[in-house]
Amino acid sequence: MSNWVYIENIAAFEGQEVTIKGWLYNRTDKGKLQFLLVRDGTGIIQCVASQKDLPPDVFAAAQSVTQESSLIVTGQVRADKRAPGGYELLLTGLQIVQLTQDYPITPKEHGIEFLMKHRHLWIRSARQHAILRIRAEVVKAIRDWLNSHGFVNVDTPILTPSSCEDTTTLFETDYFGEPAYLTQSGQLYNEATIGAFGRVYCFGPTFRAEKSKTRRHLTEFWMVEPEMAYVDLEGCMEIEEQFVSYIVQTVLANRAKELQTLERDTSKLEKVVPPFPRITYDEAVKLLQEKGFDFKWGDDFGAPHETAIGEHFDRPVFVHHYPTAIKAFYMEEDPTRPEVCLSVDLLASEGYGEIIGGGQRTASYELLERRIKEHNLPRQAYEWYLDLRRYGSVPHSGFGLGVERTVAWICGISHIRETIAFPRMLERIYP
RNA sequence: UCCUCGGUAGCUCAACUGGCAGAGCAGCCGGCUGUUAACCGGCGGGUUGUAGGUUCGAGUCCUGCCCGAGGAGCCA
């Protein structure tokens with residue numbers, strides 16, 4: 001057998017005979033001339049089989065091979081403008097590894113219910129393959145940027161003790177006879193690990209048992225949560241815009257082919273460079289009112305509001321200084337104006353909504369203690385968290401970036417269910 | 001949890017005011033040496049989500065339930 005190569009490297013082998021191991025993506029049967037589209041996980045290449053040039057058994061195999069059969073092909077690499085991708089393989093050998101019968105997903109239209117039921121096969125399709133490749137690039141860019149900017153990866157637990165009085169949005173599990181819950185955020189633990197490492201991040205799955213039925217929600221999703229000691233709200237925003245810009249520009253540079261498969265308008269992504277616009281919650285409220293929304297100060301933004309604000313700018317926009325009352329108990333108050341807090345959300349451009357939530361955390365023991373009381377949280381569960389304000393408390397900030405929402409935005413797709421291989425949604429846990 | 005829409009062949013859909021269950025694609029057979037979701041000819045393919053009800057007659061109308069989609073709410 002000749003040299004086994006991957007399709008993504010095919011240009012380097014022009015004129016040579018190579019072997020490709022993969023699956024039949026699609027075919028065109030022209031009688032004595034067969035076009036086989038073969039994919040190997042790295043790309044798709046057209047193989048041409050001509051009856052007059054081939055031994056009868058090889059040509060018969062080319063004629064009989066079915067969609068998604070696994071196969072090993074050998075042939076000479078040739079540049080040809082008529083071939084998708086610019087290169088094709090002049091077939092000389094074809095071994096069918098397994099002949100597939102009745103592959104359910106045809107190259108025609110399908111409904112979302114059918115496709116989700118066949119998710120384990122759907123991920124082979126070009127669009128889904130491109131999205132998941134981009135996701136992998138996003139994940140790599142996240143780790144590369146943080147690792148090269150002084151952040152230490154310290155992962156936080158997935159199984160957590162009961163810490164809130166309201167457990168309706170938590171998935172409960174049995175922990176040796178005691179209830180335990182799947183994590184909703186690693187942030188509180190991150191606030192502990194910055195005391196040891198200065199700058200940290202955790203990166204893993206997060207679980208929400210909310211009965212959300214929207215294009216922006218999954219019950220299991222991935223979140224990266226950086227946390228930084230001695231960084232204030234302004235410093236947090238500077239880190240966020242550098243971080244997000246790096247992710248977007250890395251995908252543009254390394255996954256251009258996949259973005260093209262998705263027909264993404266990349267000119268919009270090219271604009272995603274620092275600085276991002278910054279507006280206060282007050283200004284956002286005014287903007288919404290000017291746009292005709294019936295919105296009053298103190299309300300939280302719903303999906304249409306986030307979309308409207310995001311569409312107003314040509315790059316992601318920071319909204320900061322939200323009302324203290326609508327944010328989490330650990331947000332630092334603005335010392336000059338306690339009714340607002342030092343929180344910041346990043347809303348993606350093109351109306352994709354919130355991709356980051358974060359801000360400066362409460363550093364003061366007294367304030368945190370008061371907040372725990374105001375929110376009716378069980379004090380003893382938070383003793384360790386209060387300890388962080390007893391022993392060397394510092395101003396600190398952090399944020400959480402949702403991987404699926406970020407991938408959906410970069411890919412320009414409308415529903416985040418396609419940005420993870422096996423989405424977990426309300427009423428959907430198969431396959 | 002609420003609102004709206006939907007469930008008919010393997011898939012995507014059609015079926016008028018209640019009157020014979022239909023097409024394209026996929027599959028199978030045949031044809032075609034440059035196809036790009038190829039094309040041309042032929043063949044097979046149905047418990048109309050489910051349980052009741054109204055009616056001479058229900059895919060179609062009514063009620064319950066199941067499932068899905070879109071949106072809202074929820075969303076340390």
Side-chain angles (χ1 to χ4, degrees), chain A residues 25-37 44-54 59 63-64 66-68 78 80-86 88 90 100-118 125-126 160 163-170 181 183-191 206-219 221 223 225 300-307 326-331 341 343 345 353-354 357-359 361-362 371-372 375 377 382 385 398-400 402 405 414-415 417 425-428 430:
Chain A
Y25 189 65
N26 200 6
R27 61 177 303 134
T28 301
D29 181 347
K30 283 273 294 170
K32 298 191 178 84
L33 186 64
Q34 301 285 326
F35 296 97
L36 307 180
L37 282 178
I44 295 177
I45 192 166
Q46 172 169 285
C47 301
V48 185
S50 155
Q51 187 173 37
K52 70 173 167 40
D53 300 329
L54 283 174
F59 189 76
Q63 269 185 315
S64 65
T66 51
Q67 189 193 357
E68 287 304 323
R78 197 179 74 169
D80 193 309
K81 281 198 287 286
R82 295 168 295 185
E88 64 184 16
L90 291 176
T100 289
Q101 300 290 349
D102 301 322
Y103 185 71
I105 302 178
T106 64
K108 299 287 175 180
E109 285 172 48
H110 296 286
I112 190 66
E113 184 182 0
F114 176 83
L115 290 169
M116 290 306 302
K117 221 175 259 175
H118 294 85
S125 303
T160 60
S163 57
C164 296
E165 80 289 5
D166 178 20
T167 54
T168 56
T169 65
L170 294 167
Y181 302 91
T183 182
Q184 288 199 320
S185 165
Q187 186 217 308
L188 302 192
Y189 292 102
N190 278 343
E191 289 186 65
T206 301
F207 306 87
R208 303 270 164 100
E210 294 149 12
K211 303 234 172 189
S212 297
K213 193 173 161 49
T214 84
R215 63 180 70 188
R216 298 179 188 185
H217 290 85
L218 300 174
T219 55
F221 63 98
M223 188 154 72
E225 295 176 276
D300 204 355
F301 301 132
H305 308 122
E306 283 184 5
T307 300
I326 58 169
K327 284 290 176 183
F329 75 96
Y330 49 71
M331 286 297 183
C341 61
S343 58
D345 286 354
E354 180 185 342
R361 325 298 194 188
T362 300
R371 284 292 185 69
I372 287 171
H375 282 77
L377 298 171
Y382 289 92
Y385 191 61
F399 60 94
R405 288 184 181 181
S414 64
H415 202 304
R417 65 188 160 209
M425 293 176 293
L426 194 60
E427 314 282 357
R428 167 151 273 138
Y430 176 93

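Residue numbers begin at 1 in each chain, while the letters A, B, ... track the order of the sequences.
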[atom1] gap between [N] and [M], integer Å:
N     : M     : atom1 : answer
B/G49 : B/C16 : P     : 15 Å
B/U36 : B/G27 : P     : 16 Å
B/C25 : B/G68 : C1'   : 23 Å
B/A14 : B/U60 : P     : 16 Å
B/A38 : B/G18 : P     : 42 Å
B/C62 : B/U1  : P     : 25 Å
B/A58 : B/G53 : C1'   : 11 Å
B/G59 : B/C13 : C1'   : 14 Å

Can you sort out the partners of [X] under side-chain contact (heavy atoms from CB on, under 4.5 Å), two or more places apart, ordered by chain and number?
X      : answer
A/A126 : A/Y25, A/T261
A/Q63  : A/Q34, A/F59
A/P304 : A/F293

5'-most contact on RNA chain B: A/M425 or A/F329, nearest heavy atom basis?
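Counting from the 5' end, the first nearest nucleotide belongs to A/M425.
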Mapping A/P304 and A/Y330 to their closest nucleotides on RNA chain B, which lands nearer the 5' end?
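On the 5' side of the pair lies A/P304.
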List in chain and number order the residues that pass salt bridge (Lys or Arg N to Asp or Glu O under 4.0 Å) with A/K30, two or more places apart in sequence or in another chain; answer none if no residue qualifies.
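Counting only residues at least two positions away or on another chain, A/K30 forms no salt bridge (Lys or Arg N to Asp or Glu O under 4.0 Å).
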List for me each residue that meets salt bridge (Lys or Arg N to Asp or Glu O under 4.0 Å) alongside A/R216, sequence neighbours excluded, and say none if there are none.
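Salt bridge (Lys or Arg N to Asp or Glu O under 4.0 Å) list for A/R216, sorted by chain: A/E306.
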Whole-Å distance separating the [atom1] atom of [X] from the [atom2] atom of [N]:
X      : N     : atom1 : atom2 : result
A/I105 : B/U12 : CD1   : P     : 11 Å
A/R405 : B/C75 : CZ    : P     : 13 Å
A/Y25  : B/U36 : OH    : P     : 16 Å
A/H118 : B/G10 : NE2   : C1'   : 9 Å
A/L170 : B/C74 : CG    : C1'   : 14 Å
A/L36  : B/A38 : CG    : C1'   : 14 Å
A/Q184 : B/C74 : CD    : P     : 16 Å
A/F114 : B/U8  : CZ    : P     : 13 Å

May I ask you to say what [X] touches in the nucleic acid, namely base, sugar-phosphate or nothing, with a heavy-atom cut-off under 4.0 Å?
X      : value
A/H415 : sugar-phosphate
A/R417 : sugar-phosphate
A/G111 : sugar-phosphate

For nucleotides 22-28 of chain B, print each protein N/O atom paired with a nucleotide N/O atom at under 3.5 Å, atom names and distance only.
none

Between [X] and [Y], what is the shortest heavy-atom contact and its length?
X      : Y      : value
A/M223 : A/T206 : CB-OG1, 3.7 Å
A/K211 : A/L426 : CA-CD1, 3.8 Å
A/L54  : A/A49  : CD1-CB, 3.8 Å

Quick one: pull up [atom1] in [X] and [atom2] in [Y] and give me the separation to the nearest 0.5 Å.
X      : Y      : atom1 : atom2 : result
A/L90  : A/Q46  : CG    : CD    : 10.0 Å
A/S64  : A/R27  : OG    : CZ    : 7.5 Å
A/H118 : A/E113 : NE2   : CD    : 11.0 Å
A/M425 : A/H415 : CE    : NE2   : 6.0 Å

Compare all side-chain heavy atoms of A/V48 with those of A/F35 and state whether any distance is below 4.5 angstrom.
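Yes, their side chains come closer than 4.5 Å.
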Which residues pass the ring-ring contact (aromatic ring centres under 6.0 Å, His included) test with A/Y103, sequence neighbours left out?
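In terms of ring-ring contact (aromatic ring centres under 6.0 Å, His included), with neighbours along the sequence ignored, A/Y103 is linked to no residue.
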Could you work out, with ring-ring contact (aromatic ring centres under 6.0 Å, His included) as the rule, every residue matching A/F399, not counting sequence neighbours?
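A/F399 satisfies ring-ring contact (aromatic ring centres under 6.0 Å, His included) with A/F243 only.
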Pairs under 3.5 angstrom, nitrogen or oxygen only, protein versus nucleotides 65-68 of chain B, please.
from  : atom 1 : to     : atom 2 : distance (Å)
B/G68 : OP1    : A/E427 : O      : 3.2

Starting the side chain at C-beta, find the nucleotide from B/A37, B/A72, B/A76 nearest to A/E109.
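Output: B/A37.
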A/Q67 side chain to A/I105 backbone, donor-acceptor under 3.5 Å
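Yes, A/Q67 side chain to A/I105 backbone: donor-acceptor pair under 3.5 Å.
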Strictly distance-based, threshold 3.5 Å: is any side-chain N or O of A/N190 a donor or acceptor partner for the main-chain N or O of A/E225?
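Yes, the answer is positive, given that a donor and an acceptor are paired below the 3.5 Å cut-off.
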Polar pairs (N or O, both sides) under 3.5 Å between protein and nucleotides 44-47 of chain B?
none

Determine, for nucleotides 30-35 of chain B in 5'-to-3' order, which nucleotides have protein heavy atoms under 4.0 Å from the base (write B), from only the sugar-phosphate (write S), or from neither (write -).
--BBBB
With pairs defined as Watson-Crick or G-U wobble and both distances under 3.5 angstrom, please note down RNA chain B as a dot-bracket string, | for pairing with another strand.
(((((((..((((.....[..)))).(((((.......))))).....(((((..]....))))))))))))....
Side-chain donor/acceptor contact of A/H217 with base of B/C75 under 3.5 Å
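Indeed, a donor on one side and an acceptor on the other fall under 3.5 Å apart.
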Does any donor atom in the side chain of A/Y330 or A/E191 lie under 3.5 Å from an acceptor atom in the other side chain?
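Note: A/Y330 and A/E191 side chains miss the donor-acceptor criterion.
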